[in-house]
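Quick notes on the structure that follows.
Protein chains get the first letters and strands the later ones, always in sequence-line order, with residue 1 at the start of each.
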Amino acid sequence: DQQVKQNSPSLSVQEGRISILNCDYTNSMFDYFLWYKKYPAEGPTFLISISSIKDKNEDGRFTVFLNKSAKHLSLHIVPSQPGDSAVYFCAASVPGNTPLVFGKGTRLSVIA
Amino acid sequence: KAGVTQTPRYLIKTRGQQVTLSCSPISGHRSVSWYQQTPGQGLQFLFEYFSETQRNKGNFPGRFSGRQFSNSRSEMNVSTLELGDSALYLCASSAGQESGELFFGEGSRLTVL
């Protein structure tokens, strides 16, 4: 049973526009959420995170929004750049030393 | 500071063989986690080692095993390989604190023929 779901396998956006990647979760015990970016032939790299006590976290062009009541989070990239083209993974964890649970990823293509 | 190093990067095996993958974490990191990535399945957790002890384990058959050495380096082993074991195996290290960010290596691409 998938606890972290990324229902859009792919997304295509024009350069300069906003990219919105979505993630839903089912486990209400999740209290920490992360986004990772992965280029081909490379390992995933950490992008941004958010704790469940917040509803928004911003880092430059990247903003993550958390809606706990809807068990939904989203990653906004503004403005999108061709170098943002990658697979984005949403991940979540429960309190304690437990493993991160990842979604299946969304492939973002930013078209120049 | 050197990142997470995984060896080998690519390997090809045949069904029934076994394979050992190696991971050297970031210096000072005591936790090493292993994930399997297959097309359409995302990253699936295999196991995590902290200070030479398996701290967490995912839902994989017993053919998948691992260990961690006193220098925090880790190995994972897959015995009696099956075609479905073809995947990218990713190792990640962290300092081991709760809700810690994982730092991933580039992965070992295993192909089983």
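Residue pairs that meet the salt bridge (Lys or Arg N to Asp or Glu O under 4.0 Å) test with at least one member in residues 32-44 of chain A, sequence neighbours left out, do not exist here. Among pairs with a residue in residues 68-89 of chain B, those fulfilling salt bridge (Lys or Arg N to Asp or Glu O under 4.0 Å) read B/Arg63-B/Glu82, B/Arg63-B/Asp85, B/Arg67-B/Glu75, B/Arg73-B/Glu75, at least two apart in sequence or across chains.
The only member of A/His72, A/Gln2, A/Gln6, A/Gln3 that meets side chain to side chain donor-acceptor pair (under 3.5 Å) when paired with A/Asp24 is A/His72.
Both the backbone and the side chain of B/Leu43 come within contact range of chain A, with heavy atoms under 4.5 Å apart. With a 4.5 Å cut-off on non-hydrogen atoms, B/Tyr35 touches chain A through its side chain but not through its backbone.
Between the side chain of B/Gln68 and the main chain of B/Ser51, a donor-acceptor pair closer than 3.5 Å is present.
For the set B/Arg109, B/Gln44, B/Gln41, the count of heavy-atom pairs under 4.5 angstrom toward chain A peaks at B/Gln41. The greatest number of non-hydrogen atom pairs below 4.5 Å with chain A, out of B/Phe104, B/Phe103, B/Phe45, is found for B/Phe104.
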